[in-house]
Structure formats: structure tokens, C-alpha cells
Amino acid sequence: GNGGDGPTGPAAPGRAQVFSTVVDTFLEKLVTAGSYQRFASCYRCFYKLQPQLTRSIYDQFISQLQSSIKEEIQEVKNEGNLEGLFNSLDKIVEEAKDRAEPAWRPSGIPEEDVRSALVPYLLKHRSYLRKVLREKEEENKKVAKSVLAGRDRIAELQQLIQARKQAWQ
Amino acid sequence: MSVDPMAYEAQFFGFTPQTCMLRVYIAFQDYLFEMMLVVEGVILKKLDAIPGCQISPSQIRKCTEKFLLFMKDHFDKLFGRMEEVLLQLVLNIPKNVLLPEDRVHEQYPYSKEEFQALQEELQQLQQQCRAEAAAGEALRAELEEQKAVMGELEKILQCFNGLENICREHGTGNFKESFAFLTQNSKKLQDALKEVEEKSKKMEQRDENA
């Protein structure tokens, strides 16, 4: 855990910590239940015959059981990257601590849920199109001006030519 | 009582918490059974090594079963408690928590109609863009045509300018006026000629009649 950092005192144990503690407690209690007394009592006939051997067999059994269980837990943690996931979940939960209302959950209907996921892309696309449209409109305005000026110029030239023609009649 | 499928947790962890717990339970249980078999095997072997032993393998089997039953009972209880804690405190996502990957759903809660409206707006914008592009093409095409036409007209003007320059250079004064005068004169001449022709025809006729 991250210990006591801040005026609020020691932080609550994170998920990873709770996980370890819970598993350790389970093992502890299991070992306590499966005590040597219980083992010897079940295997009384053999115990009477070989008490020391009974003890050593029991010790090996318990230690082997514990290490197998611990190994399995470690494998599960590694496969699923549980440490990392527990830590990020702790952070996410911490960030949401001031929020009381239930959060959004998938509706179970993919078409409904995918809509919201698409909206940001559509909005981006829309602002892009608006920009492009604006630019094209501006450009066309400029070109239209040139075209009108060109028409005027052509009319002017035609008039000049007419005048010259008349003068040569 | 409905069972919580813990689908949101599965989305986050990549597995359903209950499935994970079940897998672990089965694994632990397997180890327990395995260890017990090993214990029994060792005991039986040791018994074989003892000459004149009164204990039968079936007795040992009964001992094993007794111990195993006891262990399994505690094991199930303890595991049940562990599972409960893990599912409630560790492998769960509180109701008020939204996973970061799902933020869009709270940011953009668009209804079907709103979504459709947005799509239609996009279609319209695309059409407008196409229209503007076409208009732009037409304008630029006219601009090109204008260039060509202006070129021709300016050439013609140049011709006229050229003619006037020649006249000025060769000092024929106002060539235009002279040319225009000539054109008018030749017209007058033609009219005069016509008059003369008619008069001479009339005179000839009179002469003949006299």
C-alpha cells in the first residue's frame, strides 16, 4: 500500500492488498483446521506405529499444499495482470468518490451503445466539413469577382473595337 | 434471486469474476486431493516396509477419507467466505464508477433522433461541399474562356492600332478621313455615273425620235 500520505491518515488498503490478505487468511485458517492433531487422530493406527514419520508426512503435506495454493494464486495474478488491474481500478474508484449517482452501464443493445461511441467522430467530421465548406465558399467568392471583372473588361474591349470600326467607315 | 452476471467487471478484468473464482476453487481442490493421495501412498509404502504389519490398506483408505472429508468441509466454508469478500471488495466495480473507456457514453448521450439528425446534417454538408466544388469548377472554366476571348479582342485592337501607326508614319495625314472621304466620293461618283447614263439614254431616245 501507499501508507499514510496526507492529513487524512493512512489510506485504505488497495485491492491488491486486500486480495493478498484474504488469500493468506484463507490458507492460515485451512492449515489451522487441518491441524496435526486432527491428522494424527484420523491416521491413529499409523500414528501409533510411527509417530515421527506421521509428523514428517504431515509437515510435508501441509507445506506442499500451501506452496501449491500460493503458486496457483500467483499464476492467476500473472495471467490476468491482476496487480496492475487492481491498482488502476483503485485509482478509477478514487476519482469517482465524489460522485453519488449510478454511472452509465452498457445497455446490452449494441446499436444503442455504439451511437455514443461514434458521436465524437461524427462531431469531428462535422467541424471538418464546415471548415472545408467555408474555405470553398470564400475561394469561390474571389473567383466570381474575377469573372465579373473579366466580363466587364470584355464588354469594354468590344466597345472599343466597335468605335474603331465606326471610325473607319 | 437473480445472479449478478458482473458483465461490467468482466469488461474491465477480461474475465468474469465468478469464473475466476471457480477456476481457483477447482485448482485448490485438485491440489488437496492430490496431496491426500500422495500422503496415502507414502503411508502405504511405509507400511509395506514394516514386516508383520496388522494395518490393511483399506483401513488407511478409511483414515484418508475421514481426514479428506473433514478438510473438504472446512475448505468449502473458508473458500466460500473468501469468494464473498473478493467478489464484493476486490473483483467488483462500484455502481457509481464509470470506466474511463466509457466516458463517451456520459459525454454524448445522443438519442436515436439526435444521432440521425447529426448524420443528416453531415450528409447535407457533404452535398453543399460538392455543390461549391462544382460552382468553383464552372467559375474557373469561364475564367479560362475569358482569357482566350480577351486575347483575341486585344489582338484586333492591336491591328487597328497598327494601321493608325502606319498612316501616321507615312504622313498621309488623316488617312481615315481620306479613306472615309474616298468611300463617300466613290459612292457619289457612282450616283453621278448612274445619272449620266440615264440622261444619255434619254437623249439617245430623243435623237432617234427626231
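A, B, ... follow the sequence lines: proteins, then strands. Residue 1 opens every chain.
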A/Arg151 and B/Glu142: CA distance, side-chain angles, deciding distance, salt bridge (Lys or Arg N to Asp or Glu O under 4.0 Å) verdict: CA-CA 10 Å; A/Arg151 289 184 191 169; B/Glu142 182 172 342; 2.6 Å; yes
Within 6.0 angstrom of A/Tyr128 OH, more than 12 heavy atoms from elsewhere: no
Neighbour count above 12 (heavy atom, 6.0 Å) for B/Lys72 NZ: yes
Under 4.5 Å between any side-chain heavy atoms of [X] and [Y], yes or no?
{"X": "B/Val85", "Y": "A/Phe19", "value": "no"}
{"X": "B/Phe13", "Y": "A/Leu82", "value": "yes"}
{"X": "A/Leu49", "Y": "B/Cys53", "value": "yes"}

Short side-chain to backbone donor-acceptor contact, [X] and [Y], under 3.5 Å:
{"X": "B/His105", "Y": "A/Asp113", "value": "yes"}
{"X": "A/Arg164", "Y": "B/Phe160", "value": "no"}
{"X": "A/Ser116", "Y": "B/Tyr108", "value": "yes"}
{"X": "B/Glu106", "Y": "A/Ala103", "value": "no"}
{"X": "A/Arg15", "Y": "B/Asn92", "value": "yes"}

Carboxylate-amine/guanidinium proximity below 4.0 Å for A/Glu79 and B/Arg23: yes
Carboxylate-amine/guanidinium contact B/Glu132 A/Lys141, below 4.0 Å: no
Quiz: residues 94-103 of chain B side-chain donor-acceptor pairs under 3.5 angstrom, not counting sequence neighbours:
{"unit_1": "B/Asn96", "atom_1": "ND2", "unit_2": "A/Ala96", "atom_2": "O", "d": "3.1"}
{"unit_1": "B/Asn96", "atom_1": "ND2", "unit_2": "A/Arg99", "atom_2": "O", "d": "2.8"}
{"unit_1": "B/Glu101", "atom_1": "OE2", "unit_2": "B/Gln11", "atom_2": "NE2", "d": "2.8"}
{"unit_1": "B/Asp102", "atom_1": "OD2", "unit_2": "B/Tyr8", "atom_2": "OH", "d": "2.5"}
{"unit_1": "B/Asp102", "atom_1": "OD2", "unit_2": "B/Gln11", "atom_2": "NE2", "d": "3.1"}

Among the listed options [options], the residue most often paired with chain A at heavy-atom distances under 4.5 Å:
{"options": "B/Leu32, B/Val24, B/Ile43", "result": "B/Ile43"}
{"options": "B/Asp73, B/Leu89, B/Val38", "result": "B/Leu89"}
{"options": "B/Lys112, B/Glu154, B/Lys46, B/Gln126", "result": "B/Lys112"}

First locate atom [atom1] of [X], then atom [atom2] of [Y], and finally report the distance between them rounded to the nearest 0.5 Å.
{"X": "B/Arg130", "Y": "A/Leu133", "atom1": "CZ", "atom2": "CG", "value": "12.0 Å"}
{"X": "B/Lys147", "Y": "A/Ile154", "atom1": "NZ", "atom2": "CD1", "value": "12.0 Å"}
{"X": "A/Arg130", "Y": "B/Cys129", "atom1": "CZ", "atom2": "SG", "value": "11.5 Å"}
{"X": "A/Lys131", "Y": "B/Leu125", "atom1": "NZ", "atom2": "CG", "value": "14.0 Å"}
{"X": "B/Met35", "Y": "A/Leu65", "atom1": "CE", "atom2": "CG", "value": "7.0 Å"}
{"X": "A/Ile161", "Y": "B/Ile156", "atom1": "CD1", "atom2": "CD1", "value": "4.5 Å"}

Tell me, side chain or backbone of [X] under 4.5 Å from chain A's heavy atoms, or both, or neither?
{"X": "B/Ile50", "answer": "side chain"}
{"X": "B/Ala133", "answer": "both"}
{"X": "B/Gln128", "answer": "both"}
{"X": "B/Asn161", "answer": "both"}
{"X": "B/Ile55", "answer": "side chain"}
{"X": "B/Cys159", "answer": "neither"}
{"X": "B/Gln119", "answer": "side chain"}
{"X": "B/Val90", "answer": "both"}

CA sep, side-chain torsions, deciding dist, call: B/Phe79, A/Leu30, side chain to side chain contact (heavy atoms under 4.5 Å, CB included): CA-CA 9 Å; B/Phe79 193 91; A/Leu30 188 65; over 6 Å; no
Find the one option among [options] whose heavy-atom pairs under 4.5 Å with chain B are most numerous.
{"options": "A/Gly80, A/Ala144, A/Ser68", "answer": "A/Ser68"}
{"options": "A/Leu129, A/Ile69, A/Val143", "answer": "A/Ile69"}
{"options": "A/Arg115, A/Glu72, A/Lys136", "answer": "A/Arg115"}
{"options": "A/Thr25, A/Leu123, A/Val132", "answer": "A/Leu123"}
{"options": "A/Leu160, A/Leu89, A/Val76", "answer": "A/Leu89"}

Do you know the tightest heavy-atom contact between [X] and [Y]?
{"X": "A/Cys45", "Y": "B/Cys63", "result": "SG-SG, 3.9 Å"}
{"X": "B/His74", "Y": "A/Ala33", "result": "ND1-CB, 3.5 Å"}
{"X": "B/Met150", "Y": "A/Gly150", "result": "CE-CA, 3.8 Å"}

Close contacts, residues 53-62 of chain A versus chain B, judged by heavy atoms under 4.5 Å: A/Leu53, A/Ile57, A/Phe61
Face-on cation placement of A/Arg38 at B/Phe70 ring, 6.0 Å and 45° thresholds: yes
Interface moiety of A/Glu111 toward chain B, non-hydrogen atoms closer than 4.5 Å: neither
Contacting region of A/Glu101 [heavy-atom separation from chain B under 4.5 Å]: backbone
CA sep, side-chain torsions, deciding dist, call: A/Phe46, B/Gln59, side chain to side chain contact (heavy atoms under 4.5 Å, CB included): CA-CA 10 Å; A/Phe46 185 75; B/Gln59 269 180 283; over 6 Å; no
Side chain to side chain contact (heavy atoms under 4.5 Å, CB included) assessment of B/Tyr110 paired with A/Leu118: CA-CA 10 Å; B/Tyr110 270 57; A/Leu118 288 178; over 6 Å; no
Geometric class of the B/Phe28/A/Phe26 ring pair [parallel <30°, tilted 30-60°, perpendicular >60°]: parallel
Candidate pair A/Val147 and B/Arg140, rule side chain to side chain contact (heavy atoms under 4.5 Å, CB included), full reasoning: CA-CA 8 Å; A/Val147 166; B/Arg140 274 182 283 271; over 6 Å; no
